[in-house]
Amino acid sequence: MLALIRYSVPSGQTEEFLAQAHDIVDTLAGQPGYVRGRVTRSVDEPELWALVSEWEGAGFYRRALGAARMAMYPLMTLMINEPSAFEDVDRI
């Protein structure tokens with residue numbers, strides 16, 4: 001399962017955002033079901049960032065969000081409100 005949380009980060013907040021986003025990834029990495037994660041930035045829109053993580057399943061991801069709530073709180077105002085959990089689908 002892929003989790004994608006996007007953020008709109010003003011250029012003056014980049015360093016602070018990056019440090020906090022890496023703290024979130026570190027917190028998520030300690031949770032059951034975590035596979036891998038990274039912080040990314042749009043090539044075309046440098047104020048658009050994403051925290052991308054992979055999980056063994058949606059239940060693991062949802063429980064990890066609860067555990068990471070305090071680490072995620074400072075960045076909530078920068079978060080783009082949209083669905084974040086995506087499941088793999090087989091070819092038809």
Side-chain angles (χ1 to χ4, degrees):
M1 193 225 87
L2 178 73
L4 175 69
I5 302 172
R6 296 188 319 143
Y7 298 88
S8 180
V9 182
S11 58
Q13 295 179 330
T14 299
E15 286 185 37
E16 182 180 350
F17 168 80
L18 196 51
Q20 291 175 329
H22 282 292
D23 286 345
I24 293 169
V25 171
D26 291 343
T27 301
L28 294 175
Q31 303 305 309
Y34 177 86
V35 176
R36 71 181 59 89
R38 60 194 175 277
V39 179
T40 64
R41 180 166 63 177
S42 171
V43 174
D44 300 314
E45 294 182 42
E47 292 187 354
L48 184 60
W49 292 75
L51 193 153
V52 181
S53 57
E54 292 180 48
W55 297 87
E56 291 177 12
F60 289 109
Y61 171 62
R62 300 217 190 279
R63 285 186 290 281
L65 287 177
R69 181 178 39 236
M70 294 308 291
M72 297 177 85
Y73 184 76
L75 299 182
M76 292 267 190
T77 60
L78 303 176
M79 225 181 254
I80 296 172
N81 188 15
E82 62 187 5
S84 63
F86 299 86
E87 63 183 347
D88 292 330
V89 295
D90 294 326
R91 288 184 188 191
I92 297 177

Kindly list each side-chain donor-acceptor pair under 3.5 angstrom involving residues 12-33, sequence neighbours excluded, with atom names and distances?
unit_1 : atom_1 : unit_2 : atom_2 : d
Thr14  : OG1    : Ser11  : O      : 3.1
Thr27  : OG1    : Asp23  : O      : 3.0
Gln31  : NE2    : Thr27  : O      : 3.4

Please tabulate, for side-chain N and O atoms in residues 85-92, each donor-acceptor pair with protein atoms closer than 3.5 Å (sequence neighbours left out).
none

Side-chain atoms of residues 62-77: list all donor-acceptor pairs with protein atoms under 3.5 Å, sequence neighbours left out, distances to 0.1 Å.
unit_1 : atom_1 : unit_2 : atom_2 : d
Arg63  : NH1    : Gly59  : O      : 3.4

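Under the 4.5 Å side-chain contact rule for hydrophobic residues, Val52 and Met1 do not share a cluster.
Residue pairs meeting the side chain to side chain donor-acceptor pair (under 3.5 Å) criterion with at least one member in residues 49-58, sequence neighbours excluded, are Arg36-Glu54, Ser53-Trp55. The side chain to side chain donor-acceptor pair (under 3.5 Å) pairs that include a residue from residues 37-48 number zero, where partners must be two or more places apart or lie in different chains.
Taking 4.5 Å as the limit, every side-chain heavy atom of Met79 sits out of range of all side-chain heavy atoms of Arg6.
Other members of the hydrophobic cluster containing Leu48, listed by chain and number, are Ile80; membership follows side-chain contacts under 4.5 Å among ILVMFWY residues, whether direct or relayed.
When the side chain to side chain donor-acceptor pair (under 3.5 Å) test is applied to Tyr61, the partners found at least two apart in sequence or on another chain are Ser84.
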